[in-house]
Amino acid sequence: MPKSRIRKKADYTPPPAKQAQAIKLTNRAWVAPVMLAMFLIGLAWIVVFYVTDGSLPIDSLDNWNIVVGFGFIAAGFGVSTQWK
């Protein structure tokens, strides 16, 4: 029986090195100050409400002042999603 030819494998050549792609980040310098401001406004709103026994910041809102304070804090978390 005839002998089959032996195929010679090509030498291993590594794949070409990947070039690093420049990541273009937009300037979002406003995000951190706005986020911190929302957190602090919300915290201050709740603290003022408790310290003044509910007469400030808005007397007619009564206990809804707490919801307003947490709303500012939630808005701060919403703004924080834009931070890169």
Next on the checklist: Could you check whether any side-chain heavy atom of S80 comes within less than 4.5 Å of a side-chain heavy atom of V31, counting everything from C-beta outward?
Outcome noted: no
Item to check | Sequence neighbours excluded - ring pair (Phe, Tyr, Trp, His ring centres under 6.0 Å) pairs with any residue from residues 47-72 | outcome: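 Qualifying pairs, neighbours excluded: W45-F72.
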As an exercise, state the distance from [atom1] of [X] to [atom2] of [Y], rounded to the nearest 0.5 Å.
X: R28; Y: W83; atom1: CZ; atom2: CH2; answer: 13.0 Å
X: L56; Y: L61; atom1: CG; atom2: CG; answer: 12.0 Å
X: M35; Y: I73; atom1: CE; atom2: CD1; answer: 13.0 Å
X: I41; Y: I46; atom1: CD1; atom2: CD1; answer: 12.5 Å

Next on the checklist: If you compare all heavy atoms of G78 against all heavy atoms of T81, which two are closest, and at what distance to 0.1 Å?
Outcome noted: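 Here G78 and T81 meet closest at O-OG1, 2.7 Å.
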Item to check | Check: N65 side chain, P57 main-chain N or O, donor-acceptor pair, under 3.5 Å | outcome: no
Can you hop from [X] to [Y] via hydrophobic side chains spaced under 4.5 Å?
X: V34; Y: F39; result: yes
X: V67; Y: I58; result: yes
X: M38; Y: V68; result: yes

